[in-house]
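Throughout, a chain's letter reflects where its sequence line sits, starting with A, and its residues are numbered from 1. None of these values were measured; they are calculated from a predicted model.
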Amino acid sequence: MLELSYIRENTAEVAARLGIKNIDAEGILKQILEIDSRRREAQKDLDDNLAESNALARQIGDLFKSGKASEASDLKARTAELKVLAKELQEKFDGLLQEQNNLLVQLPNVPHSSVPRGKSAEDNEIVHSEGNIPALFEGAVPHWDLASKFDIIDFELGNKVTGAGFPFYKGKGARLQRALINFFLDNAIDAGYYEIQPPLVVNEASGYGTGQLPDKDGQMYFCDLDKLYLIPTAEVPVTNIYRDVILKSSDFPVKNVAYSNCFRREAGSYGKDVRGLNRLHQFDKVEIVQIQHPDKSYDTLEEMRSYVAGLLRKLELPFRVLKLCGGDMSFTSALTYDFEVYSAAQQRWLEVSSVSNFESFQANRMKLRFKDEGGKTRLCHTLNGSALALPRIVAALLENNQTPKGIKMPAALAAYTGFDIIA
RNA sequence: GGAGAGAUGGCCGAGUGGUCGAAGGCGCACGCCUGGAAAGUGUGUAUACGCCAAAAGCGUAUCAUGGGUUCGAAUCCCAUUCUCUCCGCCA
């Protein structure tokens, strides 16, 4: 959620920046400010009323103590009037505040000034490419065929036991998963991240804190009986650790890493996008989360970007980095880099990581603040990124490394898998 | 799941109807003391919103959450949530 004071002081700029996300916000901004001035007026009236009531209550107390009961009764008549009025004023104020919040939560984060304009994924800017696209041998097949050929991932079994999008990993497939998780966690720890194992379900306040709620309600699995949501990413519990927290400047940077299962309903997905491992309802991901001083968050974003690049390099996967255009960015992000690996048999780029700076957008919702050098309480900046999401990495590893003799593992992984070929 | 106890500031903890945003302690910050440190000592130390050009200052709200009683609620009543103890069940 954007800060009201920021909107108030930079209205034109907010409107212009939201234009990069193809949102015509002028109307809603105007509405917010109009309600804001009415809200403040209502608050003034209410506060004045309550101040008078409080003063009278004190007087009545004093009069009672000094035995002047009749004078006290006279004042009581006035407090009764004030009380009726206070209720009305309170309702008016609450209504306006509610109205204002309803509008505020609809506004997405303001994109960074470097974000390119654009409508869709077509308009994303490729800022980096690396690695060679492998030339596959005659008879190379997509990963879903490799999965069944070597019996390492079983989609049919998943369909039977649970449903589409919930595969079983078996034998060397399961070990490869476990190896990747450990590989990613160990790398993160070496880079200074603190490992956390979070709960896989969260309450409503947490969903709201990171911005999944209210606008992405239908994308999360929900346990109705207990009113809990299955997490779509570890970002949700790990960032919410800091909900309603005031950090010290010396706490920066907070660097956390968490491995978790992720659950996504993926309503509305279809076609080749969901084939094989390309889009699952349950998958594994290692997520890095940082909390930073506002002045340093963009340096941190670059640091995270180069960290993720390093992982892909070690895995010897060809990849490219995209700076997302306004139209393709998430609701909460100010700047996002997507990492895509080339999956050679499908002959397409697959998104395996998304690294974002949310600036103070999440922090404002969560009331995550810090005391700055001058002792002032300010909102922190939050960032996160996948490092990495497993399924598409597995897809690319299987496809790119297939040979007539089997699937070779990159050297960096062999120590973790305990084997160097799936045959 | 059954029975009971409880929820107060960063932490501990006092407070059972009035001047209580809240004693005291710890912690933290700054100063004094010291060759330096420790100890000692002094001062300060919640958050949000509003008024004000701004600071100072002032106002309002907040003692788990939401309602209620009262001129007045941390304190009384009701509901909800959570925590702890005992019993049961259990990886």
Between [Y] and [X], does any NZ, NE, NH1 or NH2 come within less than 4.0 Å of an OD or OE carboxylate oxygen?
| X | Y | value |
| --- | --- | --- |
| A:Arg38 | A:Glu41 | no |
| A:Arg40 | A:Asp36 | yes |
| A:Glu26 | A:Lys30 | no |
| A:Glu125 | A:Lys323 | no |
| A:Glu81 | A:Lys76 | no |
| A:Arg117 | A:Asp123 | no |

Watson-Crick or G-U wobble partner for [N], using a 3.5 Å limit on both distances?
| N | value |
| --- | --- |
| B:G66 | B:C78 |
| B:U16 | none |
| B:G21 | none |
| B:U60 | B:A48 |
| B:G31 | B:U41 |
| B:G9 | none |
| B:G4 | B:C84 |

Let me know the distance between [atom1] of [X] and [atom2] of [N], rounded to the nearest Å.
| X | N | atom1 | atom2 | value |
| --- | --- | --- | --- | --- |
| A:Arg78 | B:C71 | CZ | P | 16 Å |
| A:Leu228 | B:U81 | CG | C1' | 13 Å |
| A:Arg40 | B:A48 | CZ | P | 17 Å |
| A:Glu204 | B:U65 | CD | P | 17 Å |
| A:Asp94 | B:G66 | CG | C1' | 13 Å |
| A:Phe64 | B:G72 | CZ | C1' | 10 Å |
| A:Gln90 | B:G67 | CD | P | 9 Å |
| A:Leu82 | B:U60 | CG | P | 13 Å |

Provide the distance between the two [atom1] atoms, one in [N] and one in [M], to the nearest whole Å.
| N | M | atom1 | answer |
| --- | --- | --- | --- |
| B:A23 | B:G40 | P | 22 Å |
| B:G59 | B:G21 | P | 11 Å |
| B:C63 | B:G15 | C1' | 11 Å |
| B:A29 | B:A37 | P | 14 Å |
| B:A39 | B:C32 | C1' | 14 Å |
| B:U16 | B:C76 | P | 9 Å |
| B:A79 | B:A7 | C1' | 16 Å |
| B:U41 | B:A54 | P | 43 Å |

Subject >> side-chain hydrogen bond (donor to acceptor under 3.5 Å, both in side chains) between A:Lys371 and A:Thr377, worked out >> reply: CA-CA 5 Å; A:Lys371 287 249 191 250; A:Thr377 306; 3.2 Å; yes
**OP:** Look at all strands and tell whether A:Leu97 reaches a base, only sugar-phosphate, or nothing, counting heavy atoms closer than 4.0 Å.
**Re:**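 It contacts nothing in the nucleic acid.
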**OP:** Name the nucleic acid region contacted by A:Lys83, choosing base, sugar-phosphate or nothing; use a 4.0 angstrom heavy-atom cut-off, strictly under.
**Re:**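 Contact class for A:Lys83: base.
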**OP:** With sequence neighbours excluded, give me every salt bridge (Lys or Arg N to Asp or Glu O under 4.0 Å) pair touching residues 227-251 of chain A.
**Re:**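 For residues 227-251 of chain A, and leaving out neighbouring residues, the salt bridge (Lys or Arg N to Asp or Glu O under 4.0 Å) pairs sorted by first residue read A:Asp224-A:Lys227.
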Original post:
If you pin A:Arg8 and A:Lys371 to their nearest nucleotides in RNA chain B, which one's is more 5'?
Top reply: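 On the 5' side of the pair lies A:Lys371.
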Original post:
Starting at the 5' end of RNA chain B and moving along, which residue's nearest nucleotide shows up first, A:Thr377 or A:Ala80?
Top reply: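 In this pair, the answer is A:Thr377.
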Compile the donor-acceptor pairs under 3.5 Å between side chains in residues 83-99 of chain A and protein atoms, sequence neighbours left out, one pair per line.
residue : atom : partner  : partner atom : Å
A:Gln90 : NE2  : A:Asp94  : OD1          : 3.1
A:Gln98 : NE2  : A:Asn102 : OD1          : 3.1

**OP:** Tell me which residues in residues 41-61 of chain A put a heavy atom below 4.0 Å from RNA chain B, sorted by number, or none.
**Re:**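 Heavy-atom contacts with RNA chain B come from A:Gln43, A:Lys44, A:Asp47, A:Leu50, A:Ala51, A:Asn54, A:Ala57, A:Ile60, A:Gly61.
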